[in-house]
Amino acid sequence: MALLIRTLAAAAVALPLAASASTGVTITSYGHSALLIQGGGAKVLINPFKAVACAAGLAEPRVNANVILASSLLLDEGAPVASGKFLSQPGSYRLAGLKIEGISAPHDRFGGRRFGQSTLWRWSQGGLSFAHLGGTAAQLSPEDRVLLGKPDVLIVGVGGGAKVYDGAEAAAVVRELAPKRVIPVQYVSGKTPANCDQSSVEPFLEAMKGTSVKRVGRVLSLPGKLGEGTQIDVMR
């Protein structure tokens, strides 16, 4: 079944993503790996969480969205706290005027034997192409790289631990996919909560030394067309 899903996704990647207005997007961060992306006539929420483990102490993103894209059903990255069409399984979807591709990948570094599978997401919105890798620690396969393409905006976990890329691993993924903007997620800001195995964003920034970094705060506005080169936008 997994092979069939990935084969179908590989066939779909050759087709252009559904057109969306080139008006850009506004991205709001709720911490951990939860982002609300608004633009192109749609609202997409990624990885809504319960305030547990590494997300302890954060305000849960109880917002309304057209589409919710979760890396998995783990409570820190796919909790039922928001309103909208909830997607966590790989496949091809057309919702809210968007064409969305979900790609199955191991959640951990051991072929999924510890934490099962996660879903990587790819879609276009507001004239920009997105890839959401907020919940995996697995190396990208050659097929994954083809399916994800070269996104304008890459959302990638960087905090390390058992089921998230560490700084060096995330930097390797950035170099593989060569996005124009990188939004790091799944890292700890401030004091590390109990029962949390993740670290700060700093090891990732050190591994990406020489790349432009902007600390943009909680809200980020992106135009529908981005310049060349890679920039890291650190949100919180």
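Numbers here are sequence positions counted from 1. No hydrogens, no waters, no symmetry mates; every other heavy atom, side chains included, goes into these values.
Counting heavy atoms from C-beta outward, Val158 and Gln186 have side chains that stay 4.5 Å or more apart. In this structure, Pro193 and Val188 have side chains that are in contact, with non-hydrogen atoms separated by less than 4.5 Å. Contact annotation: the side chain of Ser72 approaches that of His107 to within less than 4.5 Å [non-hydrogen atoms, C-beta and beyond]. Annotation: side chain of Phe130 is in contact with side chain of Val25 (closest heavy-atom distance under 4.5 Å). Contact of the Pro151 side chain with the Leu177 side chain is registered, since non-hydrogen atoms from C-beta on lie closer than 4.5 Å. Two residues are said to be in side-chain contact when any heavy atoms from C-beta on lie closer than 4.5 Å; Leu140 and Glu176 meet this criterion. Side-chain contact between Val44 and Leu36 is absent, with no heavy-atom pair separated by less than 4.5 Å. Residues Pro184 and Ile232 have side chains in contact (heavy-atom distance under 4.5 Å, counting atoms from C-beta outward).
The heavy-atom pair separating Ser29 from Gly31 by the smallest distance is OG-N, 3.2 Å. Nearest heavy atoms, Gly41 versus Asn66: O-OD1, 4.3 Å. The heavy-atom pair separating Asn64 from Lys43 by the smallest distance is O-CD, 3.8 Å. The nearest pair of heavy atoms linking Ala178 to Lys150 is O-CE, 3.0 Å. Considering all non-hydrogen atoms of both residues, Ala168 and Ala207 come closest at CA-CB, 4.1 Å. Asp152 approaches Gly127 most closely through the heavy-atom pair OD2-O, 4.2 Å.
In the hydrophobic clustering of this structure, Ile46 groups with Leu87; members are Ile, Leu, Val, Met, Phe, Trp, Tyr whose side-chain heavy atoms approach within less than 4.5 Å, directly or through other members. Note on Leu128: it clusters hydrophobically with Ile100, by side-chain heavy-atom contacts below 4.5 Å among ILVMFWY residues. Cluster membership check: Val63 does not share its hydrophobic cluster with Leu220, using side-chain heavy-atom separations under 4.5 Å among Ile, Leu, Val, Met, Phe, Trp and Tyr. Hydrophobic cluster membership is shared by Leu226 and Ile27, with clusters built from Ile, Leu, Val, Met, Phe, Trp and Tyr side chains linked at under 4.5 angstrom. Note on Tyr93 and Ile37: same hydrophobic cluster, where clusters join Ile, Leu, Val, Met, Phe, Trp and Tyr whose side-chain heavy atoms are under 4.5 Å apart, directly or indirectly.
Atom CG of Leu95 sits about 11.5 Å away from atom CD1 of Ile68, to the nearest 0.5 Å. The distance from atom CD of Glu143 to atom CG of Leu148, rounded to the nearest 0.5 Å, is 10.5 Å. Taking CG from Leu120 and CZ from Arg122, the interatomic distance works out to 12.0 Å, rounded to the nearest 0.5 Å. Atom-to-atom distance recorded for Ser118:OG and Asp108:CG is 9.0 Å, nearest 0.5 angstrom.
In this structure, Trp121 contributes its side chain and Pro90 its backbone to no donor-acceptor pair below 3.5 Å. Using a distance-only test at 3.5 Å, with no hydrogens or angles considered, a donor-acceptor pair links the side chain of Gln125 to the main chain of Ala42. His132 places no side-chain N or O within 3.5 Å of a backbone atom of Leu154 that could act as its donor or acceptor partner. In this structure, Thr136 contributes its side chain and Leu133 its backbone to no donor-acceptor pair below 3.5 Å. In this structure a side-chain-to-backbone donor-acceptor pair under 3.5 Å is missing from Ser200 to Ser189. Checking side-chain atoms of Glu77 against main-chain N and O of Leu74 turns up no donor-acceptor pair under 3.5 Å. Panel note: side chain Asp197, backbone Ala162; a donor-acceptor pair is recorded below 3.5 Å. A donor-acceptor pair is defined here as one N or O able to donate and one able to accept, closer than 3.5 Å; no such pair exists between the side chain of Thr26 and the backbone of Ser221.
In summary, of the residues considered (Pro61, Ser88, Ser71), a side-chain contact (heavy atoms from CB on, under 4.5 Å) with Asn47 occurs for Ser71 alone.
Atom NZ of Lys180 has more than 12 neighbouring heavy atoms from other residues, nucleotides or ligands inside a 6.0 Å radius.
The pair Asp233-Arg181 counts as a salt bridge, with a side-chain nitrogen and a carboxylate oxygen less than 4.0 angstrom apart. A salt bridge is defined here as a Lys NZ or Arg NE, NH1 or NH2 lying under 4.0 Å from an Asp or Glu carboxylate O, and Arg94 with Glu101 fails to meet this definition. Taking a cutoff of 4.0 Å between a charged side-chain nitrogen and a carboxylate oxygen, Lys163 and Asp76 qualify as a salt bridge.
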Kindly indicate, with the supporting measurements, whether the criterion salt bridge (charged side-chain N to carboxylate O under 4.0 Å, His left out) is fulfilled by Arg215 and Glu202.
CA-CA 12 Å; Arg215 298 182 184 266; Glu202 298 306 324; 3.1 Å; yes

Taking it one step at a time, do Val156 and Val185 satisfy side-chain contact (heavy atoms from CB on, under 4.5 Å)?
CA-CA 6 Å; Val156 60; Val185 295; 5.9 Å; no

Val164 vs Tyr187, test: side-chain contact (heavy atoms from CB on, under 4.5 Å). Steps then yes/no.
CA-CA 9 Å; Val164 177; Tyr187 60 86; over 6 Å; no

Verify side-chain contact (heavy atoms from CB on, under 4.5 Å) between Val213 and Val234, making sure each step is shown before the conclusion.
CA-CA 7 Å; Val213 176; Val234 179; 4.0 Å; yes

So Leu45 and Val67, side-chain contact (heavy atoms from CB on, under 4.5 Å) or not? Walk me through it.
CA-CA 6 Å; Leu45 177 65; Val67 184; over 6 Å; no

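The cationic group of Arg218 lies under 6.0 Å from the six-membered ring centre of Tyr30 and within 45° of the ring axis, placing it in a cation-pi geometry. Cation-pi check for Arg109 over Tyr165 is not met; the charged atom does not lie both under 6.0 angstrom from the ring centroid and within 45 degrees of its normal.
For residues 36-64, every residue pair satisfying the ring pair (Phe, Tyr, Trp, His ring centres under 6.0 Å) rule, not counting sequence neighbours, is listed here: His32-Phe49.
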